[in-house]
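Notes follow once the structure below has been shown.
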Protein chains: 2
Amino acid sequence: MDVDTRVLRYYVAVAEHLSFTRAAQELFVSQPSLSRQIQRLESEVGAALFVRTGRQVRLTAAGENLLPAARRILDDWRQAVREVRTSEAARKQLLRIGFVATGAGPLGRRARTVFTTHHPEITVEPKRFDWGGEAQALRQGLADAAFVWLPTDLSGLHAHVVATEPRWVAMAATHPLAAAHDTVSIMDLRDEPLMWTRKAPQEWVDWWAVNPRPDGSTPLWGPENDNVEEMLEHVATGNAVCLGTKSMAGYYAHPELTWRRVTDIEPLRIAVAWPHGRTNPLVRAFVETVIDLAAL
Amino acid sequence: MDVDTRVLRYYVAVAEHLSFTRAAQELFVSQPSLSRQIQRLESEVGAALFVRTGRQVRLTAAGENLLPAARRILDDWRQAVREVRTSEAARKQLLRIGFVATGAGPLGRRARTVFTTHHPEITVEPKRFDWGGEAQALRQGLADAAFVWLPTDLSGLHAHVVATEPRWVAMAATHPLAAAHDTVSIMDLRDEPLMWTRKAPQEWVDWWAVNPRPDGSTPLWGPENDNVEEMLEHVATGNAVCLGTKSMAGYYAHPELTWRRVTDIEPLRIAVAWPHGRTNPLVRAFVETVIDLAAL
DNA sequence: CTGCATCCATACGTTTGAGGCATAGAAGCT
DNA sequence: AGCTTCTATGCCTCAAACGTATGGATGCAG
């Protein structure tokens, strides 16, 4: 009679993809493991949820009927956890500001400073997340507001674009390109292995990698990584190059690393974002501070 | 971010009893295990749910806020599973009739016979449950209708009393009481260890054991058991005596067992019951068959 | 019609975690 | 101060969830 929300997530994923293999990939579990969990769920509820006919998978009537309940339970739980976490932070007079890597650069720091002078009783906690994690964190109640890097999935969130940053490329100091030019073109990176991550959605990875390239080609993929530090370790070692922001060129300038401006790709857009639903007045105040500063 | 509904049940139980020890007893888990699960839940949601102050346990604000969501999720899941199981049975043209031990005796069998002649396309499946399990089975969608033995918790169920049965007592054939009388009084059983179960609610156990006795005394408790067969094994071995129905005296008459009518206790009331909510017309038809037969 | 590719199920070994028992530690009562 | 009551911690056991390797069925192409 008991279920784990994990199993419900598995079920919804299979129902959405109508494929165990693809759902397993999305869920970062093996296909056999996923099959077992679905079998277990089916025996628990006493009915087959999917019809597997060799080549294709489709929902049974029971599968269709259970699906809304599974979604409802997942939403209910996510929202409940988000509210508890958010209230707990509010109770402790905390304002948790999520960001990735350099976040919004100088704007973020100025906003925190200004906010703190107006609300000295509040502790503002900058919270660093892995690639794509800042938007996720808002949905999970792990941050109250965040500087999110676009493009990303903004469902469930309010967002205002407050800054843009030119994109730069990082490479090992010994890299030939570093010696050759002060600036580079995206086409100069055609044969360079590029860093990527499975933490962020595909859309995000493609945008950063400029995939497809202006000439229609696909980037050469290098090692995977979860966050800036890991990424730059790889790059300094010479395994790959990576794209980043102008701020990153300043913040993460170590001797083994060389940064160059990329002249011909669009800049990063950065938004301040916060979750839908009842909004803590402090969150709104912080967002307004950011927007005001951005307008200067 | 994931939870098991089991953990939510634990949480709700602790919140209702405001005691880990008592909740653990109700849930049939050890107190340390329960404590650990609650700790785990608390770290998952990022807030303490209970304040433990040595002598007493009370809910925190976060604990109060999470409670409705936990209850909602549990109800949602129970209902979803019940509906899937019920629809699946309907799809297979099954009508599952729950009962305990001898159920409603001859009435149950006659009702199934009559129903089958009117609905030959339907397979009627008598389903036997452990003590107190027939009402539970209706709530869990494991039966479509059932003969429930009163008193029991009827929440979520419709019920009509359709029969009563005098109560008899079973003892080992070698038992002194068996030789002495044709009938016995409840007071004759004062010093006899009586069978009991933890499957059914306390109310049920007390009613069967006639606790307290007319003179205010408490029965002497014998071995525990889950169902008729286990109970009668104990009784035949001479470990205890047990109370049962007149039907049981006929159905379960083996040589090592002697049954005697108990003259001075109220008879068992038996109801036909079915779950709240959308009701399959076949269920209603069966219930009406039972009620009609009972009226004869 | 045969070989190949695709996709889900099964087998098996490994690891995580939920449970029980014993016991420590804290709080209130006598 | 000692006793009782209640929750937390340490340690062990066992079930189950996961991954890798592989089997088996289906559909497509040559």
Side-chain angles (χ1 to χ4, degrees), chain A residues 1-60 62-63 66-67 70 74 77 198 224, chain B residues 1-60 62-63 66 70 73-74 77 81 198-199 224:
Chain A
M1 202 63 184
D2 286 313
V3 236
D4 200 315
T5 53
R6 184 180 59 256
V7 175
L8 294 182
R9 286 194 292 110
Y10 289 3
Y11 165 44
V12 171
V14 175
E16 281 173 354
H17 289 91
L18 292 179
S19 157
F20 284 72
T21 308
R22 279 191 297 280
Q25 284 166 358
E26 190 197 69
L27 295 165
F28 297 109
V29 293
S30 68
Q31 169 267 314
S33 183
L34 180 58
S35 287
R36 306 288 294 227
Q37 292 303 314
I38 299 293
Q39 283 170 11
R40 199 179 153 70
L41 178 62
E42 287 176 321
S43 86
E44 181 75 32
V45 302
L49 299 172
F50 298 100
V51 185
R52 295 87 154 162
T53 52
R55 205 54 148 193
Q56 76 175 9
V57 171
R58 64 172 204 278
L59 282 160
T60 60
L66 193 61
L67 198 51
L74 288 173
W77 178 245
R198 56 176 97 233
E224 178 201 346
Chain B
M1 202 63 185
D2 286 313
V3 236
D4 200 315
T5 52
R6 184 180 58 254
V7 176
L8 295 181
R9 287 193 292 109
Y10 289 3
Y11 165 44
V12 171
V14 175
E16 282 174 352
H17 289 90
L18 292 178
S19 158
F20 285 72
T21 308
R22 280 191 297 279
Q25 284 166 358
E26 190 196 69
L27 295 165
F28 297 108
V29 293
S30 69
Q31 169 268 314
S33 184
L34 180 58
S35 286
R36 303 183 89 98
Q37 292 304 314
I38 299 293
Q39 283 170 10
R40 199 178 153 71
L41 177 63
E42 287 176 321
S43 86
E44 181 76 32
V45 302
L49 300 172
F50 298 100
V51 185
R52 295 88 155 160
T53 53
R55 206 53 148 194
Q56 75 174 9
V57 171
R58 65 171 202 278
L59 282 159
T60 61
L66 193 62
I73 287 170
L74 289 173
W77 178 244
V81 171
R198 56 177 96 234
K199 291 262 167 173
E224 179 201 345

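Chain A is the first sequence line, chain B the second, and so forth, proteins listed ahead of strands; every chain is numbered from 1.
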Sequence neighbours excluded, which residues qualify as side-chain hydrogen bond (donor to acceptor under 3.5 Å, both in side chains) partners of B:Arg36?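 Expected list: none.
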Closest to the B:Ser35 side chain: C:dA9, D:dA8, C:dC7?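 Closest nucleotide among those given: D:dA8.
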Roughly how many Å is it from [atom1] in [X] to [atom2] in [N], rounded to a whole number?
{"X": "B:Ile38", "N": "C:dG19", "atom1": "CD1", "atom2": "P", "value": "11 Å"}
{"X": "A:Asp4", "N": "C:dA18", "atom1": "CG", "atom2": "C1'", "value": "12 Å"}
{"X": "B:Phe20", "N": "D:dC6", "atom1": "CZ", "atom2": "P", "value": "13 Å"}
{"X": "B:Leu18", "N": "D:dC6", "atom1": "CG", "atom2": "C1'", "value": "14 Å"}
{"X": "A:Glu42", "N": "C:dC8", "atom1": "CD", "atom2": "P", "value": "13 Å"}
{"X": "B:Arg58", "N": "D:dT7", "atom1": "CZ", "atom2": "P", "value": "14 Å"}
{"X": "B:Leu41", "N": "C:dG17", "atom1": "CG", "atom2": "P", "value": "16 Å"}
{"X": "A:Leu49", "N": "C:dC8", "atom1": "CG", "atom2": "C1'", "value": "16 Å"}

Set of salt bridge (Lys or Arg N to Asp or Glu O under 4.0 Å) partners for [X], sequence neighbours left out:
{"X": "A:Glu224", "value": "A:Arg198"}
{"X": "B:Glu16", "value": "B:Arg71"}
{"X": "A:Arg22", "value": "none"}

Could you tell me whether the side chain of B:Gln31 and the main chain of B:Thr21 form a donor-acceptor pair under 3.5 Å?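 Looks like no, no N/O pair under 3.5 Å.
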Partner set under ring-ring contact (aromatic ring centres under 6.0 Å, His included) for A:Tyr10, not counting sequence neighbours: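 Scan of A:Tyr10 (ring-ring contact (aromatic ring centres under 6.0 Å, His included), adjacent residues dropped) gives none.
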Summarise how protein sits on nucleotides 14-25 of chain D as a single string, 5' to 3': B when a protein heavy atom is under 4.0 Å from the base, S for sugar-phosphate-only contact, - for no contact. ---SSBBB----
